[in-house]
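Model, not experiment: these values are computed from the prediction.
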Amino acid sequence: MNLIHLINPLYAISGLVVGVLVGFTGVGGGSLMTPLLVLAFGIHPAVAVGTDLLYSAVTKSAGTVVHGFRGTVDWGIVLRLAAGSVPATALTLVALSRSPQIKDSGHGLITVALGLALILTSVAILFRQTIAAFFAKHMGELPRRQTTILTVILGALLGVLVSISSVGAGAIGVTVLLVLYPKLSSVRLVGSDIAHAVPLSLIAGLGQWAMGSVNWPLLASLLVGSIPGIIFGSLLSTRAPDRVLRPVLASALLLVGAKLLFG
């Protein structure tokens, strides 16, 4: 009974809509959920980010199980990414816990980082294949050692970005992985990115929880809607008008990012 009372129908419906869109497009929930919580519901940016990180950890765990059973996870890439992201996430959380900007509800570090992350994500969504093709043509395949180092650096950058904004692990991560591993299939890169996002989001989310930036009733409400939404969206993903949906989604993220940055 108490659990039922914790569920907010409006948040659950929002989770359902975001879940369906994530299932359709493959774009990370943070790109959609965090700005929705901040702009539409007036949730404090720190709380929106912290709650969304744990939300992402739960939802992407299901995706990791599916990819794991299908054999579409390159665990070597996951470990390289984690080698950079785990320490970077820990250091970022320590810095955030000591920063007075964390309490700024309107124009603090989190709002700025979120706006920038959304703009980068929109660019990655629109020009992912173009970017990958450009680097494949002009750079070719990098030596293994150099690829390993750059993958660890990518993990570190994602650790910082995701810890602050909860956005970036999906579209941005996959875009860079396409450049670093041009011979690996897209499905394995996506699977590896999703698998890496689970510990990254979990560690960052637990850190935000320790700082008091997680709203548990909000999290429960979002998951009630998003889990069936992601399943439904994934089942219908082959029918999604991808060539239309992705540009529209990228444009929306670009506008939201600009709104957060410039008011």
Legend entry - Least distance between heavy atoms, Thr151 atom then Leu81 atom: O-CD2, 3.5 Å
Legend entry - Leu118 vs Pro35 side-chain heavy atoms within contact, under 4.5 Å: yes
Legend entry - pair Leu54-Trp216: side-chain heavy atoms closer than 4.5 Å: yes
Legend entry - Under 3.5 Å: donor-acceptor pair, side chain of Ser97, backbone of Val94: yes
Legend entry - Qualifying residue for side chain to side chain contact (heavy atoms under 4.5 Å, CB included) with Tyr55, from Thr59, Leu53, Val58: Thr59
Legend entry - Donor-acceptor under 3.5 Å (Ser122 side chain, Ile119 main chain): yes
Legend entry - Side-chain (Thr51) to main-chain (Asn215) donor-acceptor, under 3.5 angstrom: yes
Legend entry - Least distance between heavy atoms, Lys60 atom then Ala197 atom: CD-CB, 3.6 Å
Inset, instruction - May I ask whether Phe134 and Val179 are part of the same hydrophobic cluster, defined by side-chain heavy atoms of I, L, V, M, F, W, Y residues being less than 4.5 angstrom apart, directly or through others? - result: yes
Legend entry - Over 12 foreign heavy atoms within 6.0 Å of CZ, Phe41: yes
Legend entry - Side-chain heavy-atom pair Val38, Ile43 within 4.5 angstrom cut-off: no
Inset, instruction - Report yes if the side chains of Leu223 and Leu219 come closer than 4.5 Å at any heavy-atom pair, otherwise no. - result: yes
Legend entry - Closest contact, heavy atoms only, Ala250 versus Leu126: CB-CG, 3.4 Å
Legend entry - Leu158 CG to Ser163 OG distance, which is reported to the nearest 0.5 Å: 10.0 Å
Inset, instruction - Check the side chains of Thr34 and Ser166 for a donor-acceptor pair under 3.5 angstrom, ignoring hydrogens and angles. - result: yes
Inset, instruction - Drop me the distance from Leu189's CG to Thr175's OG1, to the nearest 0.5 angstrom. - result: 10.5 Å
Inset, instruction - State yes or no: do Val86 and Leu79 share one hydrophobic cluster built from I, L, V, M, F, W and Y residues joined by side-chain heavy-atom distances below 4.5 Å, directly or via other members? - result: no
Legend entry - Close side-chain approach of Ile164 and Val160, heavy atoms under 4.5 Å: yes
Inset, instruction - May I ask whether Leu177 and Ile149 are part of the same hydrophobic cluster, defined by side-chain heavy atoms of I, L, V, M, F, W, Y residues being less than 4.5 angstrom apart, directly or through others? - result: yes
Legend entry - Nearest heavy atoms of Gly205 and Val214, plus distance in Å: O-CG2, 3.9 Å
Inset, instruction - Would you sort out whether Leu150 and Leu154 count as a side chain to side chain contact (heavy atoms under 4.5 Å, CB included), showing the intermediate values? - result: CA-CA 6 Å; Leu150 290 175; Leu154 170 62; over 6 Å; no
Legend entry - Common cluster, Leu180/Phe127, ILVMFWY with side-chain heavy-atom separation under 4.5 Å: yes
Inset, instruction - Take Val78 and Asp74, measure what side chain to side chain contact (heavy atoms under 4.5 Å, CB included) needs, and give me the verdict at the end. - result: CA-CA 7 Å; Val78 174; Asp74 188 314; over 6 Å; no
Legend entry - 4.5 Å side-chain heavy-atom contact, Val256 and Leu36: no
Inset, instruction - With side chain to side chain contact (heavy atoms under 4.5 Å, CB included) as the test, would you mind laying out the steps for Leu96 and Thr92 before giving the verdict? - result: CA-CA 6 Å; Leu96 287 175; Thr92 302; 4.1 Å; yes
Legend entry - Euclidean distance, Arg188 CZ relative to Ile77 CD1, rounded to 0.5 Å: 7.5 Å
Legend entry - Side-chain touch Leu261/Leu116, heavy atoms, less than 4.5 angstrom: yes
Legend entry - Spacing of CG belonging to Asp52 relative to OG belonging to Ser56, to within rounding of 0.5 Å: 4.0 Å
Inset, instruction - Mind checking the OG-CG spacing from Ser14 to Leu218? Nearest 0.5 Å is all I need. - result: 9.5 Å
Legend entry - Shortest non-hydrogen contact between Val73 and Gly191, atoms and distance: CG2-O, 3.7 Å
Inset, instruction - State, to 0.1 Å, how close Tyr11 and Leu222 come at their nearest heavy-atom pair, and which atoms those are. - result: O-CD2, 3.5 Å
Legend entry - Value rounded to 0.5 Å, distance of OG1 in Thr64 from CG in Asp193: 9.5 Å
Inset, instruction - Examine distances only and state if a side-chain atom of Ser221 and a backbone atom of Asn8 form a donor-acceptor pair shorter than 3.5 Å. - result: yes
Legend entry - Same apolar cluster: Leu10 and Val18, side chain cutoff 4.5 Å: yes
